[in-house]
Amino acid sequence: MTELTPDLLLRAYCVGLFPMSEDRDDPDIVWVDPERRGIIPLDGFHIPRKLTRLIRRRVFEVRCNSDFAAVIHGCAESTANRQATWINDRIIELYSSLHTLGRAHCVECWQEGRLVGGLYGIAIGAAFFGESMFSRVNDASKVALMYLIALLLEGGFRLLDTQFITDHLRRFGAIEVTRAQYHHLLADALNHSARFPGTMADDEVLSWLGMIPVSQSRTQIS
């Protein structure tokens, strides 16, 4: 069996595959290429009204890439609403290596010095592959997702892959496309370059989300 390495993982994403484990404690990894793929069009996302108020009030301190290990372990942990996860130790190791290489990124929500939610994913070319998210308080992962969208718009990304689609993601404008459509979108995104911003001003985030004029950008995110 071919050893699964960070380089092999990146090459798999480039042909439409992504890895999963059946369970947190299952050491095996399977490759997935769904017949129908979830994406959030970066020119067609939606911000629920309640979330708009939260973002304007800056309920969370939002950071990027300050504690990737804590985010991926948060995504892997079981909760009352999520008894099992697909992120095993090997996946944690691989994506942590990709983070060190500058390929895996996370968006974090903090309150009073405590990590309360976030998400992580992989960036290749102008494609961002969202992997998982978690919340320890209401709406933390939702705010992280909105900040991610703003960061991707700022960085020139063309594709936000959510892998599967849920009712939760539909609220943000997620849609399903066929495998063939996804591979077409993927090929286009991989033919372009983009950058994942290390930091971004609060008001720049709000402006990219269409909530304030661009000219009002001021306050810095940590």
Enquirer: If you look only at pairs with a residue in residues 114-123, which of them pass as a side chain to side chain donor-acceptor pair (under 3.5 Å), with sequence neighbours excluded?
Expert: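 Non-adjacent pairs meeting side chain to side chain donor-acceptor pair (under 3.5 Å): zero.
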Enquirer: Would you list the pairs meeting side chain to side chain donor-acceptor pair (under 3.5 Å) in which at least one residue belongs to residues 29-41, sequence neighbours left out?
Expert: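 Found Arg36-Glu176, Arg37-Asp161, Arg37-Tyr182.
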Enquirer: The test is side-chain contact (heavy atoms from CB on, under 4.5 Å); show your working for Ile149 and Tyr147 and say whether it passes.
Expert: CA-CA 5 Å; Ile149 288 173; Tyr147 272 73; over 6 Å; no
Enquirer: Test your reading of the model: is there a side-chain donor-acceptor pair from Arg90 to the backbone of Leu4, 3.5 Å cut-off?
Expert: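 Yes.
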Enquirer: Determine the minimum heavy-atom distance between Val62 and Cys109, stating which atoms define it.
Expert: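 Looks like CG2-SG, 4.3 Å.
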Enquirer: Quick one: does any side-chain atom of Thr162 pair with a main-chain N or O of Gly38 as donor and acceptor, under 3.5 Å?
Expert: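 Checked: pair present.
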Enquirer: My understanding is that only residues two or more places apart in sequence, or in another chain, count here; which of them pass salt bridge (charged side-chain N to carboxylate O under 4.0 Å, His left out) with Arg158?
Expert: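 Arg158 satisfies salt bridge (charged side-chain N to carboxylate O under 4.0 Å, His left out) with Asp188 only.
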Enquirer: What pairs with Asp167 under salt bridge (charged side-chain N to carboxylate O under 4.0 Å, His left out), at least two apart in sequence or on another chain?
Expert: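 So Asp167 forms a salt bridge (charged side-chain N to carboxylate O under 4.0 Å, His left out) with Arg170.
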Enquirer: Mind checking whether Phe196 and Phe128 have parallel, tilted or perpendicular rings, split at 30° and 60°?
Expert: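 Aromatic pair Phe196/Phe128 classed parallel.
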Enquirer: Whether the side chain of Asp139 engages the backbone of Lys142 through a donor-acceptor N/O pair (distance < 3.5 Å, no angle test) should be reported.
Expert: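 No: the side chain of Asp139 does not pair with the backbone of Lys142.
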Enquirer: Mark yes or no for whether Ser21, through its side chain, and Asp28, through its backbone, hold a donor-acceptor pair below 3.5 Å.
Expert: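 Here the side-chain-to-backbone pair exists.
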Enquirer: List the steps and the verdict of side-chain contact (heavy atoms from CB on, under 4.5 Å) for Met20 and Glu131.
Expert: CA-CA 10 Å; Met20 295 183 72; Glu131 285 298 310; over 6 Å; no
Enquirer: Using 4.0 Å as the upper bound for N to carboxylate O, is an ion pair formed by Arg58 and Asp203?
Expert: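 Counted as a salt bridge, because a side-chain N and a carboxylate O are separated by less than 4.0 Å.
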Enquirer: Would you please name every residue forming a salt bridge (charged side-chain N to carboxylate O under 4.0 Å, His left out) with Arg171, sequence neighbours left out?
Expert: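 So Arg171 forms no salt bridge (charged side-chain N to carboxylate O under 4.0 Å, His left out) with any residue.
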Enquirer: Would a line drawn from the ring center of Tyr13 to the ring center of Phe129 be shorter than 6.0 Å?
Expert: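 Here the rings of Phe129 and Tyr13 have centres that are less than 6.0 Å from each other.
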Enquirer: Would you sort out whether Thr178 and Gln181 count as a side-chain hydrogen bond (donor to acceptor under 3.5 Å, both in side chains), showing the intermediate values?
Expert: CA-CA 5 Å; Thr178 66; Gln181 289 172 321; 3.3 Å; yes
Enquirer: Are Leu119 and Phe134 packed together at the side-chain level, in the sense that at least one heavy-atom pair is separated by less than 4.5 angstrom?
Expert: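 The answer is no, as the side chains (C-beta and beyond) never meet within the 4.5 Å cut-off.
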Enquirer: Which atoms form the tightest heavy-atom contact between Pro34 and Phe18, and what is the distance?
Expert: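 Minimum heavy-atom separation between Pro34 and Phe18: CD-CE2, 3.7 Å.
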Enquirer: Measure the shortest side-chain to side-chain distance between Val32 and Leu17 over non-hydrogen atoms and say whether it is less than 4.5 angstrom.
Expert: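 No, side chains not in contact.
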Enquirer: Go through the steps to decide whether Leu10 and Ile122 satisfy the test side-chain contact (heavy atoms from CB on, under 4.5 Å), and finish with yes or no.
Expert: CA-CA 8 Å; Leu10 292 175; Ile122 303 294; 3.9 Å; yes
Enquirer: Please check this pair: side chain of Thr5 against backbone of Leu8, looking for a donor-acceptor N/O pair closer than 3.5 Å.
Expert: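 At least one qualifying donor-acceptor pair exists.
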Enquirer: Using side-chain heavy atoms (C-beta onward) and a distance below 4.5 Å, is Phe172 in contact with Pro48?
Expert: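 Yes. Closest side-chain heavy atoms under 4.5 Å.
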Enquirer: For Asp67, check salt bridge (charged side-chain N to carboxylate O under 4.0 Å, His left out) against everything at least two apart and list the hits.
Expert: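 Scan of Asp67 (salt bridge (charged side-chain N to carboxylate O under 4.0 Å, His left out), adjacent residues dropped) gives none.
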Enquirer: Does atom NE2 (His168) have a neighbourhood of more than 12 heavy atoms from anything else shown, all under 6.0 Å?
Expert: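 Result for NE2/His168: enclosed.
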Enquirer: Is there a side-chain contact between His99 and Asn65, using heavy atoms and a 4.5 Å cut-off?
Expert: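 A side-chain contact under 4.5 Å exists here.
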